[in-house]
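First up is the structure itself, then whatever we jot down about it.
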Amino acid sequence: MAPTPSNTPSAHEREQIIGMMEKEMEYRVDMFNKLTHTCFSKCIENKYKEAELNMGENSCIDRCVSKYWQVTNLVGQLLGNSRPPM
């Protein structure tokens, strides 16, 4: 649907926009939670020895987060390229 002549979205369009925003937020929260769980499980020992992260844990987390975003972006690009035209 096209916006009304005054360039304000209709009630239906506002509902659609809000719905898309909510889905995007859910997606981002889910991705953050997965990233946190994955990198924490991989890089942090079960028994805490110190209150702060050590250099090895910091390096591991940096690499893990970087790789996670690279793979997420690559998958997004591949999925975006394989979509049929609308």
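Residues passing the salt bridge (Lys or Arg N to Asp or Glu O under 4.0 Å) test with E22, sequence neighbours excluded: none.
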Worked verdict on E24 versus M20 for side-chain contact (heavy atoms from CB on, under 4.5 Å): CA-CA 6 Å; E24 178 71 16; M20 289 188 304; over 6 Å; no
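Note: D30 CG to M25 CE = 13.0 Å, rounded to the nearest 0.5 Å. Taken to the nearest 0.5 Å, the CD atom of E26 stands 13.0 Å off from the CZ atom of R28. Interatomic distance, NZ of K23 versus CD1 of I18, reported as 14.5 Å (0.5 Å rounding).
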Which atom pairs, donor and acceptor, lie under 3.5 Å between side-chain atoms of residues 57-67 and protein residues at least two apart or in another chain?
from : atom 1 : to  : atom 2 : distance (Å)
E57  : OE1    : N54 : N      : 2.9
S59  : OG     : M55 : O      : 3.1

Atom pairs and distances, side-chain donor-acceptor, residues 68-76, under 3.5 Å, sequence neighbours left out:
from : atom 1 : to  : atom 2 : distance (Å)
T72  : OG1    : Y68 : O      : 2.8
N73  : ND2    : W69 : O      : 3.2

